[in-house]
Amino acid sequence: AGTLGAQAAQSGRYFGTAVAAGRLGDGTYTTILDREFNAVTPENEMKWDATERSRGSFSFTAADQIVGHATAHGQRVRGHTLVWHSQLPGWVGAITDATTLRSVVRNHITTEMTHFKGKIYAWDVVNEAFADGGSGARRGSVFQNVLGDGYIEDAFRTARSADPAAKLCYNDYNIEDWSAAKTQAVYRMVRDFKSRGVPIDCVGFQSHFGSSGPPASFRTTLANFAALGVDVQITELDIAQAPATAYANTVKACMNVARCTGISVWGIRDSDSWRSGENPLLFDGAGNKKAAYGAALSALGGT
Ligand code: G3I
């Protein structure tokens, strides 16, 4: 097949991209989106600051635009993200009482997931809950500090009740290298969840790479997580300067793991990227395919 999504579909996988609602009126953007991609992730529109700016007052207009576009074009949707320390409204961060915060988190998850029920392939239920560096510790956040370690499993149990058909993912960055303390900490959490029956279906590896691309152990990491009984996905791929080999190596790591169900890049054109200064994506600012595009397509088994 001649496009990323169609080629990925030949092995039962998807190839997706982050989408910004504000760009859906750009014809160059939507032409590439609808030609190449069979999955989308709203880049900001499903985050807490976009959906529940004040307590109990929900708005899904921008996210609905993306989901509507995706539905009309046969694209799966990854929901991103329900519980995250960043892009969090100040009123949530100011809660100091555990009973209140637990109820606020459960209500946020349930209301948002219910709104999109039946339309979401997988949700990033919890995002970036582990600290950087060698400690393997949880990241400090209002959730961690007020609710303690149990907030993550509480979020997954709440999510399962809200939409039993959606796959429930834990998503993070810098967990691609098997030897990293952060990777090991997330692995232990997933292993613990699976052993105790906490509902988790997938792990998202953001994969924001430097120009050397994925660590040599990336395939091993994906395979080891998959062996716990979860799907694995590459969820936010971008690579500084987009070297073709680095993109090929990343795609191959997924193709070599049966339970790696899909790959999403974090934007379409370099000019759409949060790292636009590094030109990390598959299309240039004018929407032309870069060398990395051909490398990714080939690695998916295309021509
Ligand atoms: O919406 C406001 C707009 O009203 C205002 O005029 C403008 C001025 O700066 O800011 C706009 O908000 C920006 C928002 O993107 C929407 O464009 C924020 O400043 C900006 O910080 C925000 O950046 C996003 C970032 O997450 C925030 O953490 C990026 O677009 C988005 O690509 C990035 O995505 C994250 C994933 O969700 C999680 N993993 C890491 C990844 C990269 O940071």
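Note that ligands are numbered from 1 as they come in the structure, with each ligand's atoms numbered from 1 the same way. Sequential numbering from 1 along the given sequence is applied to the chain's residues.
Hydrophobic clustering, defined by side-chain heavy atoms of Ile, Leu, Val, Met, Phe, Trp and Tyr closer than 4.5 Å, groups W274 together with W266.
The side-chain tip of K252 does not point at the ring of F218 from less than 6.0 angstrom away and within 45° of straight on. Under the 6.0 Å distance and 45° angle rule, R76 counts as a cation-pi partner of Y121.
A donor-acceptor pair shorter than 3.5 Å can be found between the side chains of W84 and E128.
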Are there any protein N or O atoms under 3.5 Å from the N or O atoms of ligand 1? List them with distances, or say none.
unit_1	atom_1	unit_2	atom_2	d
ligand 1	26 (O)	K47	NZ	3.2
ligand 1	28 (O)	Q87	OE1	3.2
ligand 1	30 (O)	E43	OE2	3.3
ligand 1	30 (O)	N44	ND2	2.9
ligand 1	32 (O)	E43	OE2	2.4
ligand 1	32 (O)	W266	NE1	2.9
ligand 1	34 (O)	W266	NE1	3.2
ligand 1	37 (O)	K47	NZ	2.6
ligand 1	37 (O)	H80	NE2	2.7
ligand 1	39 (N)	E128	OE2	2.9
ligand 1	39 (N)	Q206	OE1	3.0
ligand 1	39 (N)	Q206	NE2	3.4
ligand 1	39 (N)	E236	OE1	2.7
ligand 1	39 (N)	E236	OE2	3.4

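Qualifying side-chain hydrogen bond (donor to acceptor under 3.5 Å, both in side chains) partners for S271, counting only residues two or more places apart in sequence or in other chains: none. Contacts of Y187 classified as ring-ring contact (aromatic ring centres under 6.0 Å, His included), with partners at least two apart in sequence or in another chain: W178, F225.
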